[in-house]
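I have placed the structure first, in the form of C-alpha cells, so that the comments after it can refer back to it.
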Amino acid sequence: MAATVTLLPGDGIGPEIVNATVRIIEAAGAEFEWDPQLAGMSAVEERLGPLPDETVESIERNKLALKGPLTTPIGEGFRSINVALRKHFDLYANVRPARSLTRGGRYENIDIVVIRENTEGLYVGVEHYIGMDQDPRAAAESVMIVTRFGSQRIARYAFDYAVAHGRKKVTLVHKANILKYTQGLFLDVGQEIAAEYKGRIEFEDRIVDNTAMQLVLDPYQFDVIVTENMFGDILSDEVSGLIGGLGLAPGANIGKELAIFEAVHGSALDIAGQGIANPTAVILAACMLLEHVGQDEVAGRVRGALTRALNSDTRTRDLGGDASTSEFADKVIGEFV
Ligand code: NAD
C-alpha cells in the first residue's frame with residue numbers, strides 16, 4: 001500500500017520547488033498518496049494561524065511529511081514554525097548531507113553529513129528582556145539547554161548513522177572551552193558514546209570556530225559531523241556552500257516514529273514567484289524520504305537523473321544557467337532511463 005505523506009508546499013519559492021519535486025518523483029514511480037496541508041505565512045494568509053491543528057493532525061496521522069521552506073518573521077511576530085514542528089514532534093536528529101553532484105562548487109568530491117541536535121541548545125527559545133530604568137529592553141537573555149538524554153541520543157544517532165552508511169569517522173563539534181557546563185556536557189556524553197563504537201568508527205572532537213575554518217581549508221578531513229542545534233544550523237549552511245550553494249542541500253528531521261523532509265534553505269523571498277529557484281535540495285530531500293520508506297530503487301533513479309541534469313546545460317541561475325524551475329524539472333524527467 002502506498003504511504004500517505006503530508007505535503008507542505010510552504011512559503012516563498014516553496015510551492016514552485018515542491019510542485020516540481022512531486023512531478024519528478026511521481027514520474028520516477030514513487031508510490032505516495034499526498035495529503036496537502038498549510039503552514040507558515042501561507043496558513044496565516046488563509047487566517048488559520050501559522051500552524052493549523054489540521055496540519056499537526058495530518059503529520060501525526062501520516063508520520064511522514066515533505067515540506068517546503070516556511071518564512072519566519074524576523075525579530076517579531078510568530079516564532080519559527082520549523083522549530084515548532086521539530087519540537088512538537090520531538091524530531092531530534094537533523095540529518096543534512098552535502099555531496100558534490102556537479103562542478104561549480106568551491107571543491108569537488110565533497111561528501112560530508114552534518115547531524116545536528118534539533119530540540120535543545122539556544123533554539124529552545126527560552127528568552128526574555130530585562131527592563132532597567134525607563135528602558136524595557138535594556139538587556140536580553142537566552143538560555144542554552146543541554147541534557148544528558150538529548151546529548152546521548154544525538155551522539156548515538158550519529159554513530160549508528162555512520163555504521164549504517166559505511167562512514168569512517170564522526171567529528172563532534174562543540175564550544176566546551178568557553179561554555180564549560182552546556183557544551184562540556186555535550187562533549188563528555190559524546191566521548192562516552194564514542195567509546196562504545198571504538199574500533200568501528202573513528203572519533204575526534206573539534207571546537208566550532210576551528211571547524212568553520214578547517215571546513216574551508218581542507219573539507220576532506222570531515223566525514224560525519226555531530227553537533228548541537230545552533231552550530232549545526234550554521235555549519236550545515238557552510239557545508240552547502242562547499243558543494244555549490246543552498247540550492248543543493250537537503251535535510252531530514254528524524255524522530256522516534258515520525259520524519260519530516262525538507263531543504264536546508266529557506267523560502268528565498270528575493271526570488272519567489274519568478275519560477276527560477278533550483279528545486280534540487282527538495283528533490284534530494286524527497287530521495288531521503290523515498291529511502292526512509294524503502295523505495296530505494298525509485299530514489300536511485302531520481303538521484304541518477306538529477307545528477308545528469310545538473311551536469312547538463314539545463315541548469316538554474318544559481319548554478320550559472322538560465323533554465324527555469326520547470327524547465328529543469330522537465331530535464332530531470334527526460335533523463336530517466
Ligand atoms: P534563504 O535560504 O531563503 O536564502 C538565502 C539565499 O539563497 C537567497 O539569496 C536565496 O535566493 C538563495 N536560495 C535559497 N534557496 C535557493 C534555491 N532553491 N534556488 C536558488 N537560490 C536559492 O535564507 P533567508 O533569505 O535568510 O531566509 C528566508 C526565509 O526563510 C526566512 O523567513 C527564514 O526564517 C526562512 N527559513 C526557513 C527554513 C526552513 O523552512 N527550514 C530554513 C531557513 C530559513
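One-based numbering along the sequence shown. We count ligands from 1, going down the list as the structure has it; atoms in each ligand are counted the same way. Any value given below was found using the heavy atoms of this structure, including those in side chains, with hydrogens, waters and symmetry copies removed.
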message: With a 6.0 Å cut-off on the ring centroids, do Phe261 and His292 count as close?
response: yes
message: How about CG on Asp209, more than 12 heavy atoms from neighbouring residues, nucleotides or ligands closer than 6.0 Å, or not?
response: yes
- request: Can you establish whether the number of heavy atoms outside Glu297 located under 6.0 Å from its atom CD is more than 12?
  value: no
message: Strictly by ring pair (Phe, Tyr, Trp, His ring centres under 6.0 Å), give each pair with a member in residues 44-70 just once, sequence neighbours left out.
response: none
For a distance cut-off of 3.5 Å, show me each N or O of ligand 1 paired with any protein N or O, plus the separation.
residue	atom	partner	partner atom	Å
ligand 1	2 (O)	Gly266	N	2.7
ligand 1	3 (O)	Gly266	N	3.3
ligand 1	3 (O)	Gly266	O	3.4
ligand 1	3 (O)	Ser267	N	3.2
ligand 1	3 (O)	Ala268	N	2.7
ligand 1	9 (O)	Asp270	OD2	2.9
ligand 1	11 (O)	Asp270	OD1	2.8
ligand 1	11 (O)	Asp270	OD2	3.1
ligand 1	15 (N)	His265	ND1	3.3
ligand 1	18 (N)	His265	NE2	3.2
ligand 1	18 (N)	Asn278	O	2.8
ligand 1	19 (N)	Asn278	N	3.0
ligand 1	30 (O)	Ser267	N	3.0
ligand 1	30 (O)	Ser267	OG	3.2
ligand 1	32 (O)	Thr72	N	2.8
ligand 1	32 (O)	Thr72	O	3.2
ligand 1	40 (O)	Lys67	NZ	3.3
ligand 1	40 (O)	Leu70	N	2.9
ligand 1	40 (O)	Asn82	OD1	2.9
ligand 1	40 (O)	Asn82	ND2	3.1
ligand 1	41 (N)	Glu262	OE1	3.1

- prompt: Can you tell me how far the CG atom of Leu187 sits from the CG atom of Asn177, to the nearest 0.5 Å?
  reply: 10.0 Å
message: Surrounding CZ of Arg148 (heavy atoms of other residues, nucleotides or ligands, distance under 6.0 Å), is the total greater than 12?
response: no
